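The chains referred to below are lettered A, B, ... by the order of the sequence lines, with proteins before strands, and numbering in each begins at 1. Computed over heavy atoms, backbone and side chain alike; hydrogens, waters and symmetry mates excluded. Fair warning: this is a prediction, and the values are worked out from it, not measured in the lab.
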Amino acid sequence: MNPDTELLTQARRLEPCALAEVYDLYSPRLYRYAVRLLGDACVAEDCVAETFTRFLQALQAGKGPRDHLQAYLFRVSHNIIVDQYRSCPMTQELAEEEPDELNTEDSAASEICRKSVRSALSELTIEQQQVIALKFLEGWDNEDIARVVNKPVGAVKSLQHRALAHLQKILLDDEA
Amino acid sequence: MKQEERLDPRLTAMLDELKNAPPRNSIMAARARSRFLDQAVSASEELRRNRWTLFQRKENFAMNLLLSTMIVLGLFFGGSATMAAAQDDLPNEALYQVRLMSEDAKVWLAPNPEAKIERLMEQAQIHLEEMTKLASQGVNPPAELTARVQDRIREALRLTSELSDEDMLKTLAQIQSRLQLQERLMSQAQDGDCAECAPILQQTQEMLRTQLKQVEDGIVTPGALQNQIRATQTLPTGNGTVTPQETCTPVLSGAGQQERIGNSDGGEANQEHQQTGSTAPVEGTTEPNNDNGQPSGPENGGGGLAPDPIGQGGKP
């Protein structure tokens, strides 16, 4: 049996140890994913907490994933990120929380760049956002991404192509 | 990968900027972890509690079911056990009344008239055997036993008269052979050592002979038997069924009554029946009286059933 599947089986029985193991395994990855897309540590923490709360509620209701736990958690997490995009579109920035780090010119330029990219990403469709984020930020292969977006690998490639074209248009054409 | 190969380096650089996420605040992470673990433990406990509640509900249901079943079984088997224990009791024993009730119930529960007749005749046979057994023990059999035997036979004859002619003749033949056996049984019983039992045994034998005569007449002329029975319908079971509530037999009240019956003459017994309003098959109580107030038996032209030897003071 796949260790992940075995862990998920135990988690579905709401065994605290298994749930803790799931949290320790996926929480850092989810935080990193959230903070990259949201740019705010606190909001990213909230996103991670909300992801695990929904996961737990699903298990309590006898629902939730039966396999591919990672894909499930990233899908939930991304939905929360999208909700965050909609409620506060790129208003909170990491720079506001850590002003000392932005004193240098390079940091300021980097931050402006990150804001631009996040803003551009928020203009993509949810699936395109997921594909770009998972592919280019998290380094996932197409098969894993396909599980998150619940589409075949071919569709993932197509999504990726259109997303990149769109991003290029937003970011590079504006730059030009 | 094609898309990656065609990806503009500037775009790649911009996306790489996002990878540079600041490290996670360990305190916030620990708090978040702690909150989640609290949630996890709560969820686990809630699940266990729900399972326990469900188990308790199931257990309550199971316990109720078990208790109900035990009560029902207790009543059923307890009642059955009492019934079973009563089956061997003689008239001078404690559970004999239970046995009489079970007899009536058996007749009542019989599925058809033929079965009822069969059970009635079996019960008559059993009561006769009880009489012989009591006599062999030196105990004077109560007169009520004779009355009950007569009651069983009369009811059997009444039911027989309601059968079709063919079935009636067949059944009468069976009753005839049974009565012949029973009459012989009574004859043998009188050869015992119990001298004081002789009168009641003799009366019973005479009653059996009278009933046998009626059956033999019925075999020759079934219509006459039917008319005779219809005209002298004395039992309260007019609907053709015998129910436990409709028992015709007076309640046996123990040894004192046995003694009274054993020492009384038939006239007193007859008078007792009349006074108590009993529906026991005693001619004087139910037959239409003639002008001089005497019971109108068949020999008196009343068209009734055979006279009760007990009611006649044991005289044939």
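Of the atoms belonging to B:Arg35, not a single heavy atom falls under 4.5 Å from chain A. In this structure, chain B has no heavy atom under 4.5 Å from any part of A:Ala49. Of the two parts of A:Asp46, neither the backbone nor the side chain holds a non-hydrogen atom closer than 4.5 Å to a non-hydrogen atom of chain B. Of the two parts of A:Tyr31, only the side chain, counted from C-beta on, holds a non-hydrogen atom closer than 4.5 Å to a non-hydrogen atom of chain B. Using a 4.5 Å cut-off between heavy atoms, A:Leu59 makes no contact with chain B at all. Interface residue A:Leu56: only side-chain heavy atoms are found under 4.5 Å from chain B. The parts of B:Ala29 that come within reach of chain A are both its backbone and its side chain, each placing non-hydrogen atoms under 4.5 angstrom from that chain. If you measure heavy-atom distances from B:Glu46 to chain A, the contacts under 4.5 Å come from the side chain alone.
In this structure a side-chain-to-backbone donor-acceptor pair under 3.5 Å is missing from A:Lys135 to A:Lys157. Formation of a donor-acceptor pair under 3.5 Å by the B:Gln123 side chain with backbone atoms of B:Glu103 is found in this model.
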Practice item. For side chain to side chain donor-acceptor pair (under 3.5 Å), just list the numbers for A:Ser158 and A:Arg162, CA-CA rounded to whole Å, side-chain angles, deciding distance to a tenth of an Å, and then say yes or no. Key: CA-CA 6 Å; A:Ser158 177; A:Arg162 284 199 297 273; 2.8 Å; yes

**Study point:** Trace of the side chain to side chain donor-acceptor pair (under 3.5 Å) decision for A:His78 with A:Gln129
**Key:** CA-CA 9 Å; A:His78 193 84; A:Gln129 289 171 24; 3.1 Å; yes

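Between A:Cys113 and B:Glu17 the shortest heavy-atom distance is SG-CG, 3.6 Å.
Under the 4.5 Å side-chain criterion, counting only non-hydrogen atoms from C-beta, A:Thr5 is not in contact with A:Leu8.
The ring pair (Phe, Tyr, Trp, His ring centres under 6.0 Å) test applied to A:Tyr26 returns no partner, not counting sequence neighbours.
Note on B:Arg24, B:Lys19, B:Arg33, B:Glu45: by heavy-atom pairs under 4.5 Å with chain A, the leading option is B:Arg24. Interface summary for chain A: among B:Val41, B:Leu15, B:Asp16, B:Leu37, the most heavy-atom pairs under 4.5 angstrom belong to B:Leu15. Counting heavy-atom pairs closer than 4.5 Å to chain B, the top residue among A:Ala18, A:Pro16, A:Gly139 is A:Pro16.
Ring orientation note: the planes of A:Phe74 and A:Trp140 are nearly perpendicular, at an angle over 60° on the 30°/60° scale.
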